[in-house]
Number of protein chains: 4
Amino acid sequence: MIFETIKSEGIAQKSYFIGSDGEAAIIDPRRDIDVYLEIAKRNNLQIKFVFETHRNEDYTIGSVELQQIVGAQIYHGSSLDFTYGKPVYDGDRFKLGRLELNILKTPGHTNESITITLKDYDTPNGFYLAFTGDALFAGETGRIDIYGESEKKKNAAQLYDSIFNKILPLGDQVIICPAHGAGSVCGAEIKEQELTTIGHEKNTNELLSYSQEEFIKYKISEKLYIPPYFQKMEELNREGPNFLGRIPELKMLKVEEFKRLMDDGAQVIDTREPSSFGGAHIPKTISIWSRGLPAFAGWMLNYHDPIIIIDEEGHSIDQISRYLIRLGYDNIYGYLGGGFSTWYMNAEPINKLELWSVHELYEKYDDPAIFLLDVREMKEWEEGHIKGSIPIYLGHLKDHLDEIPQDKKIIIYCDAGNKSTIAASVLHKNGYKDVVTVLGSIKAWKKAGYPIVRP
Amino acid sequence: MIFETIKSEGIAQKSYFIGSDGEAAIIDPRRDIDVYLEIAKRNNLQIKFVFETHRNEDYTIGSVELQQIVGAQIYHGSSLDFTYGKPVYDGDRFKLGRLELNILKTPGHTNESITITLKDYDTPNGFYLAFTGDALFAGETGRIDIYGESEKKKNAAQLYDSIFNKILPLGDQVIICPAHGAGSVCGAEIKEQELTTIGHEKNTNELLSYSQEEFIKYKISEKLYIPPYFQKMEELNREGPNFLGRIPELKMLKVEEFKRLMDDGAQVIDTREPSSFGGAHIPKTISIWSRGLPAFAGWMLNYHDPIIIIDEEGHSIDQISRYLIRLGYDNIYGYLGGGFSTWYMNAEPINKLELWSVHELYEKYDDPAIFLLDVREMKEWEEGHIKGSIPIYLGHLKDHLDEIPQDKKIIIYCDAGNKSTIAASVLHKNGYKDVVTVLGSIKAWKKAGYPIVRP
Amino acid sequence: MIFETIKSEGIAQKSYFIGSDGEAAIIDPRRDIDVYLEIAKRNNLQIKFVFETHRNEDYTIGSVELQQIVGAQIYHGSSLDFTYGKPVYDGDRFKLGRLELNILKTPGHTNESITITLKDYDTPNGFYLAFTGDALFAGETGRIDIYGESEKKKNAAQLYDSIFNKILPLGDQVIICPAHGAGSVCGAEIKEQELTTIGHEKNTNELLSYSQEEFIKYKISEKLYIPPYFQKMEELNREGPNFLGRIPELKMLKVEEFKRLMDDGAQVIDTREPSSFGGAHIPKTISIWSRGLPAFAGWMLNYHDPIIIIDEEGHSIDQISRYLIRLGYDNIYGYLGGGFSTWYMNAEPINKLELWSVHELYEKYDDPAIFLLDVREMKEWEEGHIKGSIPIYLGHLKDHLDEIPQDKKIIIYCDAGNKSTIAASVLHKNGYKDVVTVLGSIKAWKKAGYPIVRP
Amino acid sequence: MIFETIKSEGIAQKSYFIGSDGEAAIIDPRRDIDVYLEIAKRNNLQIKFVFETHRNEDYTIGSVELQQIVGAQIYHGSSLDFTYGKPVYDGDRFKLGRLELNILKTPGHTNESITITLKDYDTPNGFYLAFTGDALFAGETGRIDIYGESEKKKNAAQLYDSIFNKILPLGDQVIICPAHGAGSVCGAEIKEQELTTIGHEKNTNELLSYSQEEFIKYKISEKLYIPPYFQKMEELNREGPNFLGRIPELKMLKVEEFKRLMDDGAQVIDTREPSSFGGAHIPKTISIWSRGLPAFAGWMLNYHDPIIIIDEEGHSIDQISRYLIRLGYDNIYGYLGGGFSTWYMNAEPINKLELWSVHELYEKYDDPAIFLLDVREMKEWEEGHIKGSIPIYLGHLKDHLDEIPQDKKIIIYCDAGNKSTIAASVLHKNGYKDVVTVLGSIKAWKKAGYPIVRP
């Protein structure tokens, strides 16, 4: 038996490769599928099946790539009208070498959600793996807010039923393989464990000790943000994303071409770290540090204007391309050849962003001349913030600029200093001149022992 | 949390890399440690601890390499007088980032065997991982014959106690991470599952349903071979193997140098596939197909004469070096540059080995002029063999040559045709001229529907 | 300045990557272009130009891939009606960063052949590199027989003019970068030097000391084979090969599917070494050892029936795919999963090929019961062969089967034993039963000191 | 023939790998020798010889590594008392497969300098490659100032003799393979050409048109800096550097350990780009951007205190280790795990460096309150600088602090902004508070069309 977990960092997405006796199946593949092809070849396996636990909202599924390139058959839950692949129903069984995969209908997160259980013909007495999709995570359960406020109660009840009456009865011994790990926006607070079991969840996941009523109430009260790109992902994953065939090759741009494209409305992202962006950057560019792209590109970028990348030296472009095509950004176009230094070598104008340590903030945070902005999620702000800070979530910033004064120094913090740098670049682009990002933000603030307040 | 399983193919050994919050521990590292260094660097981890679940018998432990190169602290069970590292005792706890590792004394396979359990401070209510070493495997339990016949009963009783009173009580939810997978000689019939749990083992591992008496009786009756190199491994792993620092660079040999070394007593292994060895080979060389080296080098090679490799083109040498240093063969020396074809291009004499399909065997297997030799394990022969075959285990062949007639055609089979090719090369080297290997052997014989008999 | 030579082994093709100041050009790219993209990215270069020194006959050009993927502009000589790219004329100049490329019309090998010379603005006093295509090689000159017998004289005269009046006058100091190295079929006896200069060629290349008359006479008398696939290459390279986008992913085939395809007329190639093929192989398959594919696939395979690969373990498939798409074989389809051993494990019938050492041949070569077949080029046979051998060039074997008796033992030799194994597989497929390949062939025969005769 | 050029970026060092018929030689290997071993294995070559064209001053030679690991024989010129390897004399010949290497004594740069010429037995009529070490470069000749002022005249005369009477007579057709390329400190202005020939040098290298007298005069007048680490290199390369065996594994440091080491006198280098260092950095650290290490570490670091690295994320450490061991810095010790952000996440204090664009500089460069410092080489300053700037070469800065006022704003520029950032970090460390680096420096200043003056 071959079993490999493939993690896509940033969105904390997990896909699974299962192989046995010359045959393989992939659960929830990502769009850059070379990793699966490589495992298959190394182990002499034919990729027969792709299973999608549900129509994912946070990334573009790689099923179409696998279908086109190796002829895999795609399966998804029957309760959504997919325009590709085939539906599967509760109780369907698939033979994969000496393994058997069984389909359990487990709606709640979405209507078509399924759990796939695995049994081995050599130890046939019970399942031992369950691919639970977005139903049950390590320490967490799936979101029930995807269809909007009006459906939350119904979905919460369905999720309760799926977890308590379908998944947990599989037995304590079953290892849970969910679609996401810690850091994903698909669950409120997924734990960091790489592996867990139904028994361990029952021992440690508080939600599993709730009554049906408590569970539904809790889930309805959960407040999570829905990034705007989710809608695009849902659409693409229902209809099947464009076939790529290969990771797009970004065009190396010289300064003149870069400037022309920027003038014509290209979306320019500076993927360097906050301290680099602070030191110097190209005016009017949006900062999203590279590892933050999977989580924040979807809040900041549209799907039509060409996307152009700035990085430190022009050498991290391939990874960045992967991040973006996983989110369906087929409008990626090029990168500044040689990275940021090419810009200033060419005598182009630069901009700077003031960076503060938490110690500088501590000296000035109650100064009335500043506007202290907390761009973390409202829930985080509620759990503890710096006195006087105003909470506006990063993702909503563009729509709340009227709440931010033009005549004050704007000091922005988040959890660590990365997201506040995104926010600062958004403010810069919208004409704010005197903006500061706090390096280390709340993490360092707490570490320094400075005071935290609650509403 | 970082969790990676590192498998050493051939000996089916599993080591584990655990990381959390900047710190890492490795369980049972192999001797070529680059894989661990690479994971540590990729995840910004400091390798603090090495744990050895027991003094391994089937490979050379990499603890000394890690101690020398990254300063890791080595720990092993207290019931053996190791000349390096530090002892740990039942109940000892180690903090690793946000994880806690606990030591359970679980003797039986060896006296100093320990199980290491893992708990996460974020989900502290119970363990969820257990590194069981050679105590409990997927579908199997550890060997109790390492100290010889006289100790088997005592060891079986200890193992029963370790499994039933120490490991199983950890709970059904615990994921088991043993030191070996399917194919290892450290357990009779380890199953192929990559992952299992205590609950799943209780459901499917028949041995766990035995009473203490039944268990001890069964374990005592188990018949397993002890490869001769085990003794060397035990010695090296108790005293700490030589520090290597790097995978040895094998010398590229030209034909003249190769011949001189061979004349002077070098051990020459032909690592090509059976069909290549059958087609043509260098007289008096031993065939061990490359992926068979981890399992069979230890039966065929000594630790003093220089080892020389022949492969297809000279390009698989690095992997072969790894296989051999994992077994402590620091006497590896060189390889024939360009591989086997260099030999015949130089007009050197070649030898051939007759290869039969199972269909050819079926036509002639009851011919009195042949001697049909089954070199599989006695247990396999007992479970079903070709009528008329004489069982002599491959590993014992050299000591049983007097049972093999010089005046008959010797037809050798095993499970697939690889081990019988090793056997054929041993017979050739010992003067047998008319030797045949059966490609596909029992596997193909059964597939063809030919008859199997039992004693 | 970036300068890299990219060699495609087997066809001994050389392409060149030149970069300067953010811009790059590629001379004669091969079809799997990832190597060029990687160099461009590593050095922050934009691939602007592709130059084709001529419409190549021995491989499929990668220009279309580069045009589609990075938008490079393609240029070729003006004297052929290409259906893609743009024509260049004698004296055209291209600026590439701080370099200047100049076009010289150098017909003879083909009408549209050009030489590209390079000058550096930092040392502008004269050229120092010349990309001579198939006009001038290390120790050799280009073929003039591509257009058939009737054009040879005209072409030889043109080539003389191109070399003596265009290239040599560039000066002794110019480094020559030809389109092929030693082993190519595009020149009779290209030397092994990696680098040479006009001056060194004038010192050592005998052809350059000839008068015009001598040169033309010599070139006309040259006897070279034209592989049948050349015609396909000429066609593809004139019209532009299909756009691939990626190396095709070969399908992993299980035995049943493999057999079905073989029955339906698939072309099955066994890419293992001669000794493996000799030991055992699948009946009716064609042997072409893997590194021999670039040179011999074009003689053995058609462009319509699906191509299926057998290798040692299923792990060399990617390299083999590259070899075949470089020759335009877009009909590659799949490979036997697990390699050859999968076949016999499944109890399928095997065939063998008798292998002789040169010593066995020496004992029997004048036995009247054998038919001794030399499958090297006629020129090689003429320069020295084994007494009694009949020369039939490997590439022409299929059309000369009537010259090979069915009732004799056919002993085949070539230069080393690889090509004779191809020949043996062709005879097997055509019903010959008693066929022998000589390992080491002429190379080992000479090494052993056995007699060579001349016609 | 195998011929590969291995370039070590930063010091622009070139080593050469030559192989023929199973044997290989390496000219001037660097200390991390894995690249050579890999080429040898890929081509089935035995590394027999290492030739050192001279005792190099700018990097640590890898000869000892090759001797220890593959048993290569080391050769160097006879006029220096090396404590390892063997001397070679004018006219010595070495056979390497089908190649012949000849030794030419070519002193001048150093006494023991040799040139190695290469001839091919297949084209024996004259040499076509010459490994000229530090005698003759593309567009340049070697330094003659290594032994100090008093020896310059003698050395210049020797170099003239070596070039004009030994190397140039080899013929225009000879390809020159020198020990360095553009950017090396071993020649004043080595050109960027990757390849050149004696003929091309005669056409374009002005020095080769000089009379003996002119040449000597010119060479004596040449003003080049001698980095302080040259002395260490000369010593190590005469006595043989320590055997490493492997690239040292740097220790991942947590913040506390990092701070402790820094307090104890460790040398801490921040290898990030100028804009990152400007944005925020750890107080009292020295900035050397990573690709600048080969050239500037030798000016800034000593050979006894442990060296600690800060990079962007902790992932460029391996490359940095290579850079430093090539310079003999075996005192490299560790790196800040996670890179710079780990520091501020931990609430540690940060420092900033003001960064100006050239436009900001243009507005203020004649402000009397600033001190404008040009840290380029004196020769560069003489060729054109910004009005009012004071030239102090970066390498000499520490010894000229008394020339830099404490009470002014210090504006530093160089050619591009990297070296001025090193200079700024040196001033910071020496107590200067108000320091500015100009991004783009002279390069951007000129691009912007701002005025340049000459002394």
Side-chain angles (χ1 to χ4, degrees), chain A residues 1-5 7 9 12 16-21 42-44 97-99 117-130 137-140 168 170-177 181-183 189-206 208-209, chain B residues 1-5 7 9 12 16-21 42-43 97-99 117-130 137-140 168 170-177 181-183 189-206 208-209 291:
Chain A
M1 178 199 183
I2 306 297
F3 178 82
E4 297 207 22
T5 305
K7 284 178 276 185
E9 62 278 32
Y16 299 93
F17 186 108
I18 315 161
S20 173
D21 215 13
R42 182 163 21 97
N43 294 290
N44 277 304
R98 298 207 311 283
L99 305 175
T117 57
L118 186 145
K119 161 183 299 194
D120 193 315
Y121 292 133
D122 295 337
T123 59
N125 206 7
F127 297 107
Y128 68 101
L129 282 181
F137 300 113
E140 191 45 272
L168 298 189
L170 293 168
D172 286 1
Q173 82 287 350
V174 171
I175 297 168
I176 298 175
C177 302
E189 296 197 37
I190 301 177
K191 290 270 187 306
E192 286 224 345
Q193 282 123 275
E194 278 301 302
L195 294 168
T196 187
T197 56
I198 288 181
H200 187 60
E201 287 307 305
K202 279 158 67 178
N203 289 345
T204 60
N205 185 336
E206 201 191 331
L208 302 191
S209 68
Chain B
M1 177 200 183
I2 306 296
F3 178 82
E4 297 206 23
T5 305
K7 285 178 275 186
E9 62 279 30
Y16 300 93
F17 186 108
I18 314 160
S20 172
D21 214 13
R42 180 162 24 96
N43 295 289
R98 297 205 314 280
L99 306 174
T117 56
L118 185 144
K119 159 183 300 192
D120 193 314
Y121 292 134
D122 295 336
T123 59
N125 205 8
F127 297 107
Y128 68 101
L129 282 180
F137 300 113
E140 192 46 272
L168 298 189
L170 293 168
D172 285 2
Q173 82 286 350
V174 171
I175 298 168
I176 297 175
C177 301
E189 296 197 38
I190 301 177
K191 290 272 187 304
E192 285 225 346
Q193 284 124 274
E194 278 300 302
L195 293 167
T196 187
T197 56
I198 288 181
H200 187 61
E201 287 307 303
K202 280 159 68 179
N203 289 345
T204 60
N205 185 336
E206 200 191 332
L208 301 191
S209 67
R291 282 168 305 110

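Model, not experiment: these values are computed from the prediction. We name chains A, B, ... by the order of the sequence lines, and we start the count at 1 in each one.
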Query raised in the report: Who wins among A:Asp120, A:Asp172, A:Ile175, A:Asp122 for the most heavy-atom pairs under 4.5 Å with chain B?
Result: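 Between A:Asp120, A:Asp172, A:Ile175, A:Asp122, the count favours A:Ile175.
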Query raised in the report: Any idea which of A:Glu194, A:Lys202, A:Met1 has the most non-hydrogen atom pairs under 4.5 angstrom with chain B?
Result: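 The candidate making the most pairs under 4.5 Å is A:Met1.
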Report task. Using salt bridge (Lys or Arg N to Asp or Glu O under 4.0 Å) as the criterion, list what pairs up with A:Glu140, not counting sequence neighbours. Result -> none
Query raised in the report: Of all of B:Glu201, B:Gln193, B:Glu192, which one pairs up most often with chain A through heavy atoms under 4.5 Å apart?
Result: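 Option with the top pair count is B:Gln193.
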Query - Selection from B:Ile198, B:Thr197, B:Asn205 maximising heavy-atom pairs under 4.5 Å formed with chain A - result: B:Thr197
Report summary line: Between B:Phe3 and A:Leu195 the two heavy atoms that sit nearest each other are CE2-CD1, 3.5 Å
Report task. Please report the closest heavy-atom contact between A:Gln173 and B:His200, naming both atoms and the distance. Result -> CB-N, 3.1 Å
Report task. Please look at B:Thr196 and chain A and tell me whether the side chain, the backbone, both or neither of the residue comes under 4.5 angstrom of a heavy atom of that chain. Result -> backbone
Report task. Would you mind checking which part of B:Leu99 comes under 4.5 Å of any heavy atom in chain A, side chain (CB onward), backbone (N, CA, C, O), both or neither? Result -> neither
Query raised in the report: With A:Phe127, which residues qualify under ring-ring contact (aromatic ring centres under 6.0 Å, His included), at least two apart?
Result: none
